[in-house]
Colleague: 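Got a structure for you, written out below as structure tokens; questions coming shortly.
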Amino acid sequence: MAAKATLAYGLWPSPLTPISMSLQRRLSDVQWDTDGRTLVWQEGRSDQNLLVAQTMEGGAPRDLTEGQNVRASVGYGGGDFAVAHGCVYYVDAATKAIHRLAPSGGASAPVTPAFGAAAAPTVSPDERWLLYVHSDHEVDSLAIVDSEGALWPQKLAFGADFYMQPTWHPDGQHIAWIEWDHPNMPWDHARLVVAALEEAPGVLPRAIEVRVLRDQGGVSVAEPQFTPDGRNLIYLCDQGGWSNLWRYDLESEEHVQLTFDSADIGLPAWRQGIRTHQLSPDGAIDFYIRSSRGQSSLWAAPLGGGPAYPVPSPLERYSNLSQLAVAPCGRRLALVASGNGIPPRVVSLDLQDSPTERIHAYSSAERVPSDAFSTPQAVQWASSDGDAIHGLYYPPHSPAYQSGGRPPAIILVHGGPTGHVSAGFNPQAQFFAMRGFAVLAVNYRGSSGYGRAYIQKLRGQWGVYDVEDAVGGAHFLADGGLADPRRLVIMGGSAGGFTVLLALANHPGVFRAGICMYGVSNLFTLATDTHKFESHYLDSIVGPLPEAAALYRERSAIYRSDRIVDPIAIFQGDEDRVVPREQSDSIVASLRQRGVTHEYHVYPGEGHGWRKAETIGQFYEAVMRFLRNHVVFS
């Protein structure tokens with residue numbers, strides 16, 4: 001093996017280039033048709049999302065919605081499509097209406113009119129009706145329409161602030177869903193609801209006998225699914241501190257906990273259409289994705305009794321699994337999977353005697369050799385009051401280059417703030433680690449994946465604990481000899497950008513520089529200008545207005561911007577409706593007035609995050625120039 005060349009940290013060439021980052025495809029969902037032989041998945045190619053189908057007989061993948069953009073826009077999106085009986089029902093991004101693509105081919109036809117926004121289309125067992133989430137002028141509801149779109153849609157359930165995850169009973173006469181109200185977020189407190197449907201000739205069904213099955217303060221529920229025999233409703237509930245499987249007997253009206261794990265199955269419901277568990281066709285097993293400390297794995301819970309168990313399969317080489325879909329017949333399942341050195345893929349698994357894996361789609365060319373990737377290590381450090389803080393540490397790594405001394409380090413702060421960084425493929429962390437930076441992805445107090453109590457630690461403490469834990473992570477690297485204390489960088493977007501700005505304002509000199517993407521700078525305007533989904537989010541993680549006005553001012557970087565003196569690069573989309581551009585403009589105005597070293601990049605046509613290939617490439621080129629100028633060579 002050839003000796004490594006010596007090159008300064010931060011200057012190593014890498015096979016993961018800005019161009020290759022921009023060409024990666026987003027694989028966001030996968031579903032089976034009711035025949036169990038056709039798989040349909042969603043790909044994001046630059047700023048367009050489309051659906052792709054492939055049969056299990058081995059035919060080539062086929063683009064279904066070429067020239068159309070498939071994307072729902074209720075809240076943060078998700079719940080973009082459904083597949084049943086050879087038909088694809090999807091939300092068109094331009095009209096926000098549901099369209100139907102028939103198996104015979106040809107052009108698609110609208111099923112719902114173009115008013116408001118639709119999401120989470122769900123087809124009835126007999127394919128006559130389409131249940132979906134509808135939002136119009138910040139009024140949300142569950143709606144129903146016939147699958148041909150011949151009738152005008154009507155509301156089935158309304159009055160709650162939010163609806164999510166509608167599902168059909170096998171008899172087609174009952175439905176279930178999740179709902180919740182302000183000021184809660186769905187992971188704070190949500191309700192499980194069922195209803196019967198009453199039909200009459202020539203009109204759409206209406207909901208009767210609406211019953212709330214679970215409505216417990218301080219408890220969240222999610223992802224209801226009826227068993228194939230129609231006797232039970234399986235759902236997720238975090239009573240006891242962790243998201244586990246529960247069963248509701250529709251006859252005895254008894255709730256029974258099925259799994260008792262100190263790990264989470266459910267994810268924070270930031271988007272419609274999340275699936276972390278699915279029943280087998282015979283109803284004997286509930287397959288689920290178990291998440292613990294950033295790692296996820298496939299498990300099975302026997303519904304007839306007995307402990308849950310991990311499913312031995314080729315999927316064990318992946319560390320992140322999502323969007324589980326079990327075929328309606330046979331023993332197949334599909335999902336989106338990735339690993340540390342494995343970019344996301346759409347894979348299916350045949351669960352016969354010897355489970356076999358089939359790869360249907362790749363998110364990248366996968367030309368980077370496995371030995372070029374940094375291997376993340378789960379790390380912990382203590383907060384000032386003794387709490388254990390979690391993170392993933394990526395040491396600088398290259399099979400071809402080395403450097404002496406301590407490396408520069410990037411502290412990555414995730415968004416949300418109720419989110420987390422998993423041990424799955426992290427292209428951003430790898431991009432920097434391959435160039436000689438140490439990277440620490442911080443799962444600060446308030447992050448998901450460590451139980452409900454860890455999430456709730458951020459209640460009233462946003463702008464305090466996230467900042468403290470990011471700064472603590474930087475000291476953890478420096479004190480442990482893992483990073484150069486003079487070349488520390490803090491980087492984050494959205495809620496992570498909020499943490500970046502406050503860390504630079506409250507702890508000047510700790511970081512050599514900051515990188516802020518569409519970061520929150522003013523909590524007052526965030527509370528009044530953001531979209532409906534998050535319009536009361538701050539009530540719990542900061543405090544309600546007007547009572548907490550002093551806290552809002554104290555934790556808004558715009559009122560402390562005179563303390564930001566370290567170099568900073570700010571990136572913003574000009575069509576962001578979650579964190580509007582004005583949030584970044586106001587910080588930049590202060591930096592400009594005071595002559596603080598900074599860069600400001602505004603990307604036309606981009607919203608809350610980058611989708612266009614050219615934007616992604618330009619972003620990483622700009623970041624590397626900034627780091628070379630203000631960190632590597634400073």
Side-chain angles (χ1 to χ4, degrees), residues 29-30 165 186-187 219-225 227 234-247 256-271 273-280 283-326 331-340 342 344-349 351 355 357 376 378 380 390 392 418-426 441 443 447-455:
D29 199 1
V30 57
Q165 300 164 345
W187 49 84
V219 171
S220 183
V221 290
E223 295 188 53
Q225 185 178 356
T227 55
I234 310 300
Y235 63 96
L236 299 176
C237 178
D238 63 2
Q239 179 180 328
W242 299 90
S243 175
N244 275 287
L245 288 170
W246 286 67
R247 179 180 63 211
V256 177
Q257 188 170 347
L258 299 176
T259 59
F260 299 84
D261 205 348
S262 294
D264 282 323
I265 299 174
L267 298 171
W270 281 102
R271 298 168 58 84
I274 292 174
R275 295 190 312 279
T276 59
H277 78 102
Q278 285 262 286
L279 290 159
S280 62
I285 295 173
D286 196 327
F287 294 100
Y288 66 90
I289 297 171
R290 178 186 186 272
S291 298
S292 178
R293 299 183 181 275
Q295 299 270 349
S296 59
S297 53
L298 181 66
W299 283 59
L303 298 189
Y309 57 90
V311 178
S313 74
L315 296 180
E316 293 172 351
R317 63 191 175 126
Y318 300 108
S319 52
N320 184 264
L321 308 173
S322 65
Q323 293 306 98
L324 178 63
V326 176
R331 293 274 291 174
R332 291 193 182 112
L333 57 82
L335 34 69
V336 179
S338 73
N340 172 53
I342 308 174
R345 301 166 170 176
V346 171
V347 302
S348 66
L349 189 67
L351 293 173
E357 175 196 4
Q380 288 187 77
H390 304 275
L392 292 172
T418 309
H420 75 282
V421 181
S422 78
F425 186 68
N426 189 329
N443 280 325
S447 302
S448 57
Y450 302 89
R452 183 179 178 92
Y454 198 74
I455 291 177

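Scope of the values below: all heavy atoms of this structure, side chains included, with no hydrogens, waters or symmetry mates. If you're wondering where the values come from, they're calculated on a predicted model, not measured in any experiment.
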Colleague: For side chain to side chain contact (heavy atoms under 4.5 Å, CB included), just list the numbers for Glu223 and Tyr235, CA-CA rounded to whole Å, side-chain angles, deciding distance to a tenth of an Å, and then say yes or no.
Modeller: CA-CA 5 Å; Glu223 295 188 53; Tyr235 63 96; over 6 Å; no
Colleague: Any heavy-atom pair between the side chains of Ser313 and Glu357 that's under 4.5 Å?
Modeller: no
Colleague: Where is the tightest heavy-atom contact between Ala263 and Ser292, given as atom of each residue plus distance?
Modeller: CB-CB, 4.0 Å
Colleague: Pro355 and side chain to side chain contact (heavy atoms under 4.5 Å, CB included): which partner among Leu298, Leu315, Leu349, Val311?
Modeller: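 Between Pro355 and the candidates, side chain to side chain contact (heavy atoms under 4.5 Å, CB included) is satisfied uniquely by Leu349.
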Colleague: Mind checking the OH-CG spacing from Tyr318 to Leu335? Nearest 0.5 Å is all I need.
Modeller: 9.0 Å
Colleague: Verify whether one side chain among Asp264 and Ser243 offers a donor that lies under 3.5 Å from an acceptor in the other.
Modeller: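 Per modelled atom types, Asp264 and Ser243 side chains form no pair under 3.5 Å.
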Colleague: Do you know which two heavy atoms are closest between Gln239 and Val219, and how far apart they sit?
Modeller: N-CG1, 4.1 Å
Colleague: Given Ile285 and Arg331, is the side chain to side chain contact (heavy atoms under 4.5 Å, CB included) satisfied, shown in steps?
Modeller: CA-CA 11 Å; Ile285 295 173; Arg331 293 274 291 174; 4.1 Å; yes
Colleague: Mind listing the closest non-hydrogen atom pair of Asn443 and Val421 along with its distance?
Modeller: OD1-N, 2.8 Å
Colleague: Just grab all the salt bridge (Lys or Arg N to Asp or Glu O under 4.0 Å) pairs involving residues 301-315, residues at least two apart or on different chains.
Modeller: none
Colleague: Are any of the side-chain heavy atoms of Arg290 and Asp261 separated by less than 4.5 Å?
Modeller: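 A side-chain contact under 4.5 Å exists here.
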Colleague: Might you point out which heavy atoms bring Ile265 and Asn244 nearest each other, and give the distance in Å?
Modeller: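 Heavy atoms only, the tightest pair is CD1-CA, 4.0 Å.
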Colleague: Measure across Thr259 and Ala308 and return the closest heavy-atom pair with its distance rounded to 0.1 Å.
Modeller: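 What the structure gives for the nearest pair is CG2-CB, 4.2 Å.
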